[in-house]
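Both backbone and side-chain heavy atoms feed into the values below; hydrogens, waters and symmetry mates do not. Worth saying up front: this structure is predicted, and the values here are computed from it rather than measured.
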Amino acid sequence: MLEKISTVFKIKDLRRKILFTLFILVVFRLAASIPVPGVDRAALQQLFQASELLGLLDMFSGGTMQQFSIVTLGLNPFINASIIMQLLTVVFPKLEELSKEGDYGRAKIEQYTRFLTVPLALVQGFGMYSLFRRQGVLPAVSIFALILLIVTLVCGTMFLVWLGGLISEYGLGNGTSVVILAGILSRVPLNVVQITSTLRGTDAFAFLAYLAFILASFALVVVVSEGTRRVRVEYARRSRGNTSTGVQNYIPLRVNQAGMIPIVFAVSLTLIPSLIGQYIGDTSLPLLGSVLGTLTNIFNPDSPVYNLLLFSLVVAFTYFYTAVTFDPAKIADDIKKRGGFIPGIRPGKATESYLEWVLVRITLVGGVFLGLMAILPSLLRALTGISGTIIQGSGLLIVVSVVLDILKKAEARMVMSDYDGFLD
């Protein structure tokens, strides 16, 4: 292991990429430490502890939202814009054709995503100010001060998008993912301190069960993140003299085809009632107050109803997002046009049905896995009696996927360096 690390830093280009990425992350953390003045820190922490949705958004922002820094919105508007553009690419044929035009098409889609980020950041900035003001975290300000605040938040988001772009171009890994990873890992020391204080007085069996559960979660995330069902495709054979050659290819169907998106959708939907209750606060209408109070209790993250609903929604959204982004009919048609076939399956409609059957099975595994990751804190509390985790289940997915991606890119660059040395 140490030999591989030393080899990485011996390669000039790879060493430069790593150092540049670390420099950009230092700039990001410095920006995250610059707070917006006039914020009640104690009330802000209590608000985030009481809302799992805000905690999830804080995770995506890299911990900047809970500090209410100048980059409070983080990359949340950019992530939302990316999801919207991905869905629009499936809906509109022109965008789909553009996405297939190589580097030029991807650059145009990225440009459209950044344009869409600005209005989303404006809306989220105003919504955050309204919520925090009603909760007593932010004071009422003048129109000019409000405009200045929202513009600052939007500029902070675009600054992070720019930093992410620099990492993608000159650093190592996907810039947006690396920035989110840095924010998640920056909270690990504080989480360790909090969990250590919680573990005091806990019996040895509960502690060992807690440790085993955490390690099993890490292992499960790695296995599922790398899990792929490869469907073999054979193309027409060509005869040359007395020999005939054929071409084989594979369609990689990932177990976790949808990534983190189903968890984001499901958590946002299940926590809307409690978020509305926090936004409205005390109301003079008894009936409305009773309804909001009942919904808040039912959708409490500690209640079984909430966890069962969250698990079910994650599985449902996994199927929905996979169905939107992966079209078996189109894949089957492309295979048929290129003269290919799946062994034992007739081209055309039979191939489409086979791909749908395989996709339904592996998506079920992926959906159940994502559902378990979404309710990981509750499972941990129910099985061990210990509250809190070093990294939330959704954060664990991000950490593992980003780290694996960085390792793959570093390994690919090392292989290229070996070939360059051989050619020289």
Side-chain angles (χ1 to χ4, degrees), residues 82-83 85-87 89-90 96-97 99-103 105-106 109 168 173-174 176-177 219-237 245-263 314-315 317-373 396-416:
S82 300
I83 295 174
M85 285 302 302
Q86 189 174 3
L87 296 176
T89 302
V90 178
E96 185 178 4
E97 294 176 2
S99 65
K100 296 179 180 180
E101 294 183 6
D103 294 337
R106 285 191 292 270
I109 295 293
S168 299
N174 180 275
T176 302
S177 301
L220 182 63
V221 170
V222 173
V223 171
V224 176
S225 298
E226 291 294 286
T228 304
R229 170 72 158 85
R230 300 201 307 169
V231 179
R232 189 177 67 174
V233 179
E234 293 186 359
Y235 292 92
R237 295 180 178 272
T245 59
V247 179
Q248 289 186 357
N249 205 342
Y250 294 91
I251 303 175
L253 300 178
R254 298 181 63 87
V255 175
N256 184 15
Q257 191 91 359
M260 271 286 301
I261 295 176
I263 295 181
V314 169
V315 176
F317 278 125
T318 302
Y319 272 102
F320 169 76
Y321 189 80
T322 302
V324 169
T325 56
F326 187 89
D327 188 359
K330 184 178 179 181
I331 299 297
D333 187 56
D334 290 342
I335 293 174
K336 184 178 180 180
K337 288 180 179 179
R338 296 177 183 179
F341 64 94
I342 298 174
I345 308 297
R346 293 178 61 86
K349 191 65 178 179
T351 299
E352 178 187 347
S353 301
Y354 176 77
L355 290 176
E356 289 178 349
W357 177 66
V358 173
L359 195 64
V360 165
R361 291 191 303 162
I362 65 172
T363 302
L364 177 61
V365 177
V368 171
F369 162 73
L370 290 176
L372 292 176
M373 289 296 103
L396 187 59
L397 286 170
I398 296 175
V399 170
V400 171
S401 60
V402 175
V403 170
L404 289 176
D405 178 63
I406 292 175
L407 292 177
K408 289 178 181 178
K409 291 183 177 180
E411 186 176 0
R413 189 63 193 87
M414 292 172 64
V415 172
M416 290 178 59

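- Note: E226 CD to R254 CZ = 6.5 Å, rounded to the nearest 0.5 Å.
- Residues V255 and F369 form no side-chain contact, since every pair of their non-hydrogen atoms from C-beta on lies 4.5 Å or further apart.
- With sequence neighbours excluded, no residue forms a side-chain hydrogen bond (donor to acceptor under 3.5 Å, both in side chains) with Y319.
- Taking each heavy atom of E352 and A332 in turn, the nearest pair found is N-CB, 3.7 Å.
- Other residues, nucleotides and ligands contribute more than 12 heavy atoms inside 6.0 Å of the CZ atom of R361.
- To the nearest 0.5 Å, atoms CD1 (I335) and CD1 (I251) are separated by 3.5 Å.
- Here Q257 contributes atom CD and T363 contributes atom OG1; the two are 7.0 Å apart, rounded to the nearest 0.5 Å.
- Looking only at side-chain heavy atoms (C-beta outward), N174 and V402 stay at 4.5 Å or farther from each other.
- Each of V315, T322, L370 was evaluated against P262; a single residue qualifies, L370, per the side chain to side chain contact (heavy atoms under 4.5 Å, CB included) test.
- Of the inter-residue distances, the one linking E234 atom CD with I342 atom CD1 reads 10.5 Å to the nearest 0.5 angstrom.
- Here CZ of R230 is found 11.5 Å from CG of L253. Values are rounded to the nearest 0.5 Å.
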>> I'd like to know whether M373 forms a side chain to side chain contact (heavy atoms under 4.5 Å, CB included) with V221, so could you lay out the CA-CA distance, the side-chain angles of the two residues, the decisive distance to 0.1 Å, and finally the verdict.
In response: CA-CA 9 Å; M373 289 296 103; V221 170; 3.6 Å; yes

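- Residues R346 and T351 come closest through the heavy atom pair O-OG1, 2.7 Å.
- To the nearest 0.5 Å, atoms OG1 (T89) and CD (E97) are separated by 11.5 Å.
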> V365 and V224: side chain to side chain contact (heavy atoms under 4.5 Å, CB included), yes or no, with the steps?
Replying inline: CA-CA 9 Å; V365 177; V224 176; 5.7 Å; no

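- The neighbour count for F320 CZ, taken as heavy atoms of other residues, nucleotides or ligands under 6.0 Å away, does not exceed 12.
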>> Could you go through L359 and F326, starting from their C-alpha distance and side-chain angles, then the distance that decides it, and tell me whether this counts as side chain to side chain contact (heavy atoms under 4.5 Å, CB included)?
In response: CA-CA 9 Å; L359 195 64; F326 187 89; 3.5 Å; yes

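- One finds no salt bridge joining K330 and D334 here, because no Lys/Arg side-chain nitrogen approaches an Asp/Glu carboxylate oxygen to under 4.0 Å.
- Shortest non-hydrogen contact noted between S225 and V400 is OG-CG1, 4.2 Å.
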